[in-house]
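Scroll down for the structure; my scribbles are underneath it.
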Amino acid sequence: MASAFSHAFVALAMGKAVRNKELGLRELFLGALCSTVPDLDVLGFPLGIEYSDMWGHRGMTHSVVFAALLAGILVAVWYRTKPAIALTGLFLYFFLCTASHGVLDALTDGGLGVAFFSPFDTTRYFFSVRPVLVSPIGVSEFFGAYGIRVLANEVMWIWLPSCALFMILRAIQWLWPVKSVAPHS
């Protein structure tokens, strides 16, 4: 898996890349949280859930279905009074933040792959290019020499591309601002 820091960084970069008045600090925090929630599946290890099980690490909680369910629940619980266009944007942001977790994990060089289509298909997938070093699962293992190597690798393969994409999207918005259409009377 990529580190929680990188998952959250990608979510924040996505949230700030497009100007949107609906994405305040609370929403950015929730987006960052959504991007890290899939790794709660590691809590199943002490309960006897095997890595390769549907509910094992990188299983159901890393799927597109889980991303849609989590985004839908957040929007339904905290934003149901917002207009439909705002609900759609918030759902899309929370969905992308959650789904980005599996995408980053599929770029790593370790593990069994990601069950993107669980529960319908529990096959685990990796991308053909896997430049990201797999992050240690335990906190104590992360804060050592290997953890520093992982973070340096993630800066190169996750943080810098996220910053570049952020700047490109912001430049596009600056060069070609969206003009609101006023109704004719």
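Basis for what follows: all heavy atoms, side chains included, without hydrogens, waters or symmetry-related copies. Quick caveat, the model's predicted, so the values are computed rather than measured.
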Inset, instruction - For atom CD1 of Ile85, decide whether the heavy atoms of other residues, nucleotides or ligands shown that lie under 6.0 angstrom number more than 12. - result: no
Inset, instruction - Go through Asn20 and Tyr93 one step at a time and tell me if the side-chain contact (heavy atoms from CB on, under 4.5 Å) criterion holds. - result: CA-CA 11 Å; Asn20 183 332; Tyr93 175 61; over 6 Å; no
Inset, instruction - Step by step, work out the side-chain contact (heavy atoms from CB on, under 4.5 Å) result for Ser35 and Val10. - result: CA-CA 8 Å; Ser35 74; Val10 168; over 6 Å; no
Legend entry - Of all pairs that satisfy salt bridge (Lys or Arg N to Asp or Glu O under 4.0 Å), the ones with a partner from residues 91-100, not counting sequence neighbours: none
Legend entry - Hphob cluster co-occupancy, Val134 + Phe127, side-chain heavy atoms under 4.5 angstrom: yes
Legend entry - Atom CG of Leu25 with >12 non-hydrogen neighbours under 6.0 angstrom: no
Inset, instruction - Kindly work out whether a path of hydrophobic side-chain contacts (I/L/V/M/F/W/Y, heavy atoms less than 4.5 Å apart) joins Leu92 to Leu69. - result: no
Inset, instruction - Please report the closest heavy-atom contact between Thr36 and Ala4, naming both atoms and the distance. - result: CG2-O, 3.8 Å
Legend entry - Connected via hydrophobic side-chain network under 4.5 Å: Phe45 and Leu112: yes
Legend entry - Heavy-atom pair with the smallest gap, counting every atom of Ala106 and Val114: N-CG2, 3.8 Å
Let me have the donor-acceptor pairs involving side chains of residues 157-173, under 3.5 Å, with sequence neighbours excluded, atom names and distances please.
from, atom 1, to, atom 2, distance (Å)
Trp159, NE1, Ser6, OG, 2.7
Ser162, OG, Ile158, O, 2.8
Arg170, NE, Lys16, O, 3.0
Arg170, NE, Ala17, O, 3.4
Arg170, NH2, Lys16, O, 2.7
Gln173, OE1, Arg19, N, 3.0
Gln173, NE2, Ala17, O, 2.4
Gln173, NE2, Leu169, O, 3.1

Legend entry - Donor-acceptor under 3.5 Å (Asp41 side chain, Arg58 main chain): yes
Inset, instruction - For Ser63 and Ser118, indicate whether the former's side chain and the latter's backbone hold a donor-acceptor pair under 3.5 Å. - result: yes
Inset, instruction - Answer yes or no: is there a donor N or O on one side and an acceptor on the other, between the side chain of Thr98 and the main chain of Ala67, under 3.5 Å? - result: no
Inset, instruction - Could you tell me the separation between the OG atom of Ser135 and the CD atom of Glu154, rounded to the nearest 0.5 Å? - result: 6.0 Å
Legend entry - Closest non-hydrogen atom pair between Gly15 and Leu23, with its separation: O-CD1, 3.4 Å
Inset, instruction - To the nearest 0.5 angstrom, please state how far the NE2 atom of His57 sits from the CG atom of Leu40. - result: 11.0 Å
Inset, instruction - Any chance you could measure Glu27, atom CD, to Leu74, atom CG, to the nearest 0.5 Å? - result: 10.5 Å
Inset, instruction - Could you note down all residue pairs passing salt bridge (Lys or Arg N to Asp or Glu O under 4.0 Å) where residues 70-84 supplies at least one of them, sequence neighbours left out? - result: Glu22-Lys82
Legend entry - Pair listing, ring pair (Phe, Tyr, Trp, His ring centres under 6.0 Å) test, anchored in residues 13-35, at least two apart: none
Inset, instruction - Measure from the side-chain N and O atoms of Asp53 to the backbone N and O of Glu50, and report whether any donor-acceptor pair falls under 3.5 Å. - result: yes
Inset, instruction - Flag the pair His101 / Thr61 as yes when at least one side-chain heavy-atom distance between them is below 4.5 Å, and no otherwise. - result: no
Legend entry - Beyond-backbone contact of Phe117 with Thr123, side-chain heavy atoms, under 4.5 angstrom: no
Inset, instruction - Write down the atom of Phe94, the atom of Gly31, and the distance for their closest heavy-atom approach. - result: CE2-N, 3.9 Å
Inset, instruction - Examine distances only and state if a side-chain atom of His62 and a backbone atom of Ala115 form a donor-acceptor pair shorter than 3.5 Å. - result: no
Inset, instruction - Determine which pairs satisfy salt bridge (Lys or Arg N to Asp or Glu O under 4.0 Å) with at least one residue from residues 117-135, sequence neighbours left out, and list them in order. - result: none
Legend entry - Trp78 side chain near Leu90 side chain, heavy-atom distance below 4.5 Å: no
Inset, instruction - Determine whether Phe116 and Val129 fall in the same hydrophobic cluster, where Ile, Leu, Val, Met, Phe, Trp and Tyr are linked whenever their side-chain heavy atoms lie under 4.5 Å apart. - result: no
Inset, instruction - Measure the shortest side-chain to side-chain distance between Asp105 and Asp39 over non-hydrogen atoms and say whether it is less than 4.5 angstrom. - result: yes
Legend entry - ILVMFWY cluster, Met14 and Leu107 together (side-chain gap under 4.5 Å): yes
Inset, instruction - Please name the pair of heavy atoms, one in Pro38 and one in Phe66, separated by the smallest distance, quoted to 0.1 Å. - result: CG-CE2, 4.5 Å
Legend entry - Side chain Asn153, main chain Leu133, donor-acceptor under 3.5 Å: yes
Legend entry - Pairs meeting criterion salt bridge (Lys or Arg N to Asp or Glu O under 4.0 Å) with involvement of residues 108-118, two or more places apart: none
Inset, instruction - Verify whether the ring centers belonging to Phe91 and Tyr79 lie closer than 6.0 Å. - result: no
Inset, instruction - Taking Tyr51 for its side chain and Val42 for its backbone only, find out whether a donor-acceptor pair lies under 3.5 Å. - result: no
